[in-house]
2 protein chains.
Amino acid sequence: MARISMEDVAERAGVSITTVSRVLNNTNHPVSEKTRKKVMKVIQELDYKPDISAQSLRQSFNNIIALITRDISDPYFGEMARGVTETANKYGILTFVCNTGRNPENEIQYHELLWQHRVRGIILGGGGLNLEAYKIKLQEQMNRYKDNGHKIVSLAPQGFDMDYVMIDNRGTGELITDYLIARGHTSIAYISGPQNTYTAFDRLEGYKLCLKKHNLPYDDLMIAYSDNSWKGGYEAANILLDRSIKFTGICCGNDNLAVGALRAFKERGLAVPEDVSVISIGDLPNANYTAPPLTTVRVPLYEMGAKAVNIIMSDDTQEYNANIIFKTVISERQSVSNIK
Amino acid sequence: MARISMEDVAERAGVSITTVSRVLNNTNHPVSEKTRKKVMKVIQELDYKPDISAQSLRQSFNNIIALITRDISDPYFGEMARGVTETANKYGILTFVCNTGRNPENEIQYHELLWQHRVRGIILGGGGLNLEAYKIKLQEQMNRYKDNGHKIVSLAPQGFDMDYVMIDNRGTGELITDYLIARGHTSIAYISGPQNTYTAFDRLEGYKLCLKKHNLPYDDLMIAYSDNSWKGGYEAANILLDRSIKFTGICCGNDNLAVGALRAFKERGLAVPEDVSVISIGDLPNANYTAPPLTTVRVPLYEMGAKAVNIIMSDDTQEYNANIIFKTVISERQSVSNIK
DNA sequence: TTGTAGGCGTTATCAT
DNA sequence: ATGATAACGCCTACAA
């Protein structure tokens with residue numbers, strides 16, 4: 001059962017390949033109903049499917065999009081990937097998932113490869129890194145894509161101007177801080193992701209802003225930095241607990257950090273939310289299954305991924321150029337208490 | 001900055017495109033050191049990269065592999081995807097992640113698309129479904145691929161003969177049951193994934209076998225079925241607790257189910273492991289961050305994914321035909337107690 | 001050691 | 001309404 005081409009179809013239907021192409025692509029060019037039916041029938045019989053390599057060689061774009069993730073085993077990117085791949089599938093297009101393992105060099109390399117593949121569009125899953133050399137190189141790549149009509153959409157701030165579908169990270173940092181303050185907390189610690197990522201930076205900025213707004217003192221000792229992992233959250237929480245500070249509430253830059261912190265608190269004999277309230281950002285599916293269930297901000301990762309695909313597939317330049325911010329809302333569960 | 005082709009390179013270097021191709025692909029065909037250097041230099045200057053669509057049209061395979069997952073937001077598939085994509089990247093090839101959302105029709109559709117893309121190999125991430133129509137269709141696709149020299153590797157049992165990299169699911173089901181029995185448990189419940197998936201079926205078989213081996217009675221009421229989600233585990237645990245049965249230990253077909261069960265037990269005021277011991281299969285990264293940390297079997301998903309890619313990329317037919325079983329080992333943590 | 005030419009499977013332009 | 005033909009960019013006999 002070898003591969004069959006248009007030629008096979010044409011031959012069997014007794015028409016030219018041109019005609020086959022025409023019925024297949026539903027072009028304006030007129031084709032008699034009779035031949036159309038005949039060709040369709042043969043296509044069915046032979047189970048013919050056009051070869052995509054040939055198509056994209058001829059046209060100059062592909063029916064492929066790419067999603068760049070930092071760690072696809074992290075449910076954060078997983079949820080995003082689900083939104084992207086499932087939406088792409090609706091358009092009949094396939095998705096390259098490019099996992100960088102948080103290595104900027106890998107990311108640049110991926111862009112070279114994607115360029116070679118002439119992918120139709122690229123979705124940047126992770127937030128930008130504030131490293132000058134990396135940013136310059138990345139921007140170069142972005143421009144090359146754009147100049148050739150490929151579309152790029154980011155799902156997190158990159159530190160330079162481009163099209164995006166995001167949440168308001170700073171605003172969300174404010175939101176969670178405000179939530180604790182509104183419940184009587186005045187000593188609030190913070191576990192942040194890496195400060196060279198814009199996402200983590202912006203969220204922490206929101207926290208700082210919120211304290212200032214409420215005339216609460218800001219203290220560097222109340223902040224611990226880590227990567228975005230469970231382990232990182234666990235370690236950061238321990239660092240905070242080892243410092244000579246007191247806090248009744250803690251904001252975590254994302255759910256993973258909160259999960260790690262939860263374990264640290266438990267080990268130290270601190271009850272959540274009785275002794276310390278925990279709030280974070282993410283609302284990943286398992287936030288419902290921590291002990292206690294986590295109060296956290298829902299980030300519509302699936303919808304963001306889906307939207308990015310829609311933008312890439314849309315011919316509407318206006319929509320493309322629109323920068324989109326998704327609203328965030330707190331999912332109230334049981335990790336925050338009211339103190340009086 | 002338009003796309004540049006071999007022709008551009010050839011022209012600028014003052015040679016034919018054949019020569020360019022030869023230096024690029026390092027063929028046996030002799031090329032003088034001088035021209036080689038000259039061509040290389042121009043390639044650098046122009047930053048030329050071969051067009052992959054053209055390459056794969058000419059050759060009859062691609063530098064693309066595909067991974068079929070059921071739910072990419074589930075860390076189980078996430079970890080697998082990480083192994084696959086990162087290993088693929090080492091070979092300089094890209095990975096389509098095809099998420100079926102557990103819909104068999106989607107899976108079949110994906111195979112059509114992958115066929116059109118002439119992907120070099122396909123990795124079946126999820127276990128087979130025991131549905132006759134689906135199995136027949138799938139096998140048809142598999143044969144088409146094979147007949148055309150594409151490679152297919154499965155990471156879970158499919159219910160028919162094919163190349164695979166797996167764990168021994170039945171053996172692992174036995175392993176966890178044995179573990180509880182060895183610690184004095186004689187009333188052991190079981191939460192299983194869907195019975196029409198071979199993976200879940202085999203694991204449960206292992207449990208049954210193990211009971212028989214130890215002359216322990218088997219009781220249908222001790223089994224609850226669900227999907228493989230947190231929610232499913234939560235619900236299944238509640239169902240078991242509502243029945244008129246007693247158990248001191250419970251085996252969960254996978255980590256997600258265990259996480260859900262943990263929450264159900266907590267809500268019902270049952271302490272783990274004091275009142276009920278929990279063991280499962282998976283050892284996903286967050287098994288360390290449940291309360292209490294989960295005793296569970298490590299399934300080397302990353303390594304399995306990596307191995308599958310190596311097999312696909314290998315020219316060694318022998319290795320290809322070898323069916324590979326990875327060993328599983330229990331990660332002992334704190335969710336199982338010894339009862340006397 | 002280098003180059004010429006044909007073809008991979010499409011689509012699009014131009015005739016008929 | 002239909003068809004011949006030239007690309008798209010690359011690889012590879014076959015010639016020179």
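Throughout, protein chains are lettered first and strands after them, A, B, ... in sequence-line order, and every chain is numbered starting at 1. In what follows, every heavy atom counts, from backbone to side chain, and hydrogens, waters and symmetry copies are set aside.
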Under a 4.0 Å heavy-atom criterion, the protein footprint on nucleotides 2-7 of chain C, written with B, S and -, is BBBBBB
I need the [atom1]-[atom2] distance between [X] and [N], as an integer number of Å.
X	N	atom1	atom2	result
B/Asp8	D/dC10	CG	C1'	13 Å
B/Ile52	C/dG9	CD1	P	19 Å
A/Lys37	D/dT2	NZ	P	14 Å
A/Gln55	D/dG9	CD	C1'	16 Å
B/Asn25	D/dA13	CG	P	13 Å
B/Leu57	D/dA7	CG	C1'	13 Å
A/Gln59	D/dA7	CD	P	18 Å
A/Asp51	D/dC8	CG	P	18 Å

Run the side-chain donor-acceptor check on residues 37-48 of chain A: report pairs under 3.5 Å with partners two or more places apart or on a different chain.
from	atom 1	to	atom 2	distance (Å)
A/Glu45	OE1	A/Arg12	NH2	2.9

B/Arg3/B/Asp8 salt bridge by N-O under 4.0 Å criterion: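 No, B/Asp8 and B/Arg3 are not salt-bridged.
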Compute the ring centroids of A/His150 and A/Phe61, then answer whether they are less than 6.0 Å apart.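 Ring-ring flag for A/His150/A/Phe61: false, centres at least 6.0 Å apart.
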Taking everything shown except A/Gln59 itself, do over 12 heavy atoms lie less than 6.0 Å from its CD?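 Result for CD/A/Gln59: enclosed.
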Can you confirm whether B/Glu7 is buried at CD, in the sense that more than 12 heavy atoms of other residues, nucleotides or ligands lie under 6.0 Å from that atom?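 At most 12 heavy atoms, drawn from other residues, nucleotides or ligands, come within 6.0 Å of this atom.
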Do A/Asn63 and A/Tyr91 have side-chain atoms, one donor and one acceptor, less than 3.5 Å apart?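 There is no such pair (donor and acceptor under 3.5 Å, judged by atom type) between the side chains of A/Asn63 and A/Tyr91.
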Does B/Ala54 or B/Thr27 map to a spot on DNA chain D nearer the 5' end, using the closest nucleotide for each?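 The residue closer to the strand's 5' end, by nearest nucleotide, is B/Ala54.
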